[in-house]
Structure formats: C-alpha cells, structure tokens
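Heads up: the structure comes next, in structure tokens.
All residue numbers refer to positions in the sequence shown, counting from 1.
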Amino acid sequence: QVQLVESGGGLAQSGGSLRLSCAASGSIVSVRTMGWYRQAPGKERESVALIIRGDATNSAADYADSVKGRFTISRDNAKNTVYLQMNSLKAEDTAVYYCYAEVAHRGSWPTAENYWGQGTQVTVSS
C-alpha cells in the first residue's frame with residue numbers, strides 16, 4: 001500500500017555533513033508523524049528525530065539529546081517527503097538510519113499505520 005524510499009546516506013568525515021531524504025508513495029490519504037531512527041551495530045534502534053504534521057506552515061519537531069543542535073528535520077507535505085540534515089557529524093553517529101512514517105492510506109483511513117524504510121548506512125570516519 002505504502003512504500004518509503006530513502007536516499008542520501010554514505011561516508012562522511014568527522015565534522016562533516018550529510019542529508020538524508022525519504023519519500024512516501026502509494027495510496028496515501030494523509031501522512032502524519034514522519035521521522036528517523038538509527039541502529040548501530042550491537043545496539044537497539046533509537047529515535048533520532050520526529051516531525052509531527054501541523055498546519056501548512058508549522059510542524060513540531062523532537063530530537064534525541066545526542067543530536068540536538070547538529071541535526072535538523074524538515075518535511076515537504078506536498079511531496080510526502082522528510083529530510084534530515086546532519087551537520088557536525090561524529091563517529092558515534094555511524095549507524096543504519098531508518099525512515100519512519102505514520103500513514104493513513106485508502107485501505108486504512110482514518111487509521112494511520114506505521115511504515116519503515118529499508119535503511120541507509122551512514123558512516124562517519126574520525
């Protein structure tokens with residue numbers, strides 16, 4: 001019903017930047033919360049940043065303490081796309097990053113279901 005396709009991962013040096021994108025497609029009626037999680041080797045998946053759809057000009061965002069001031073999440077509601085701008089990258093940011101979205105589609109409306117992207121590797125070299 002719904003697919004999330006991520007792009008933008010890769011290799012960066014410590015202190016560098018990367019930008020992740022994730023586009024939702026399918027029989028979408030409404031995309032509610034969107035965000036990013038990450039999972040490092042041997043660790044549990046953790047929330048990085050979430051953005052809750054607000055009105056046309058304002059969406060509320062929430063960040064993990066470890067990325068506050070360095071990462072910025074944004075979304076383009078017209079494109080059902082969420083972005084994660086990652087600046088001042090650190091070695092500990094190395095992980096597989098997963099896109100997340102709560103989507104109400106034609107088969108579930110008005111209920112939203114949770115969807116995940118396939119994951120994109122981010123590696124930061126120190």
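Of the possible polar contacts, one joining the Glu6 side chain to the Cys99 backbone as a donor-acceptor pair under 3.5 Å is found. At distances below 3.5 Å, not a single donor-acceptor pair connects side-chain atoms of Arg32 with backbone N or O atoms of Glu102.
Scanning all heavy atoms of the two residues, the minimum distance from Ala104 to Pro110 falls at CB-O, 4.2 Å. Looking at every heavy atom in both residues, Ser88 comes nearest to Ser17 through N-OG, 4.4 Å. A pairwise comparison of heavy atoms in Arg75 and Ile52 identifies NH1-C, 3.9 Å as the closest pair. Closest heavy-atom contact between Trp36 and Ser21: CH2-O, 3.6 Å. Here the closest heavy-atom approach between residue Ile51 and residue Ser74 is recorded as CD1-CA, 3.9 Å.
Val124 and Val67 end up in the same hydrophobic cluster when Ile, Leu, Val, Met, Phe, Trp and Tyr side chains are linked at under 4.5 Å. Follow the hydrophobic side-chain contacts under 4.5 Å out from Tyr37 and you never reach Val122; the two are in separate clusters. Note on Tyr98 and Leu18: separate hydrophobic clusters, where clusters join Ile, Leu, Val, Met, Phe, Trp and Tyr whose side-chain heavy atoms are under 4.5 Å apart, directly or indirectly. Val96 and Val48 are not part of a single hydrophobic cluster, where members link through side-chain heavy atoms under 4.5 Å apart. Cluster annotation: Leu50 is not connected to Tyr97 through the hydrophobic network of ILVMFWY side chains, with a link wherever side-chain heavy atoms come within less than 4.5 Å.
Using a 4.5 Å cut-off on side-chain heavy atoms (C-beta onward), Thr72 and Tyr83 make no contact. Counting heavy atoms from C-beta on, the side chains of Ile73 and Val82 come closer than 4.5 Å.
Taking OG from Ser47 and OH from Tyr63, the interatomic distance works out to 11.0 Å, rounded to the nearest 0.5 Å. Note: Thr94 OG1 to Gln121 CD = 7.0 Å, rounded to the nearest 0.5 Å.
Taking the six-membered ring for Trp and thresholds of 30 and 60 degrees, Tyr100 and Trp116 have ring planes inclined between 30 and 60 degrees apart.
By the salt bridge (charged side-chain N to carboxylate O under 4.0 Å, His left out) test, Lys68 is found to be paired with Asp65, residues two or more places apart in sequence or in another chain being considered.
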Walk me through it: do Arg38 and Leu84 pass the test side chain to side chain contact (heavy atoms under 4.5 Å, CB included)?
CA-CA 12 Å; Arg38 68 186 180 187; Leu84 186 67; over 6 Å; no
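Among the candidates His105, Gln3, Gln1, the single residue satisfying the side-chain hydrogen bond (donor to acceptor under 3.5 Å, both in side chains) test with Tyr115 is His105.
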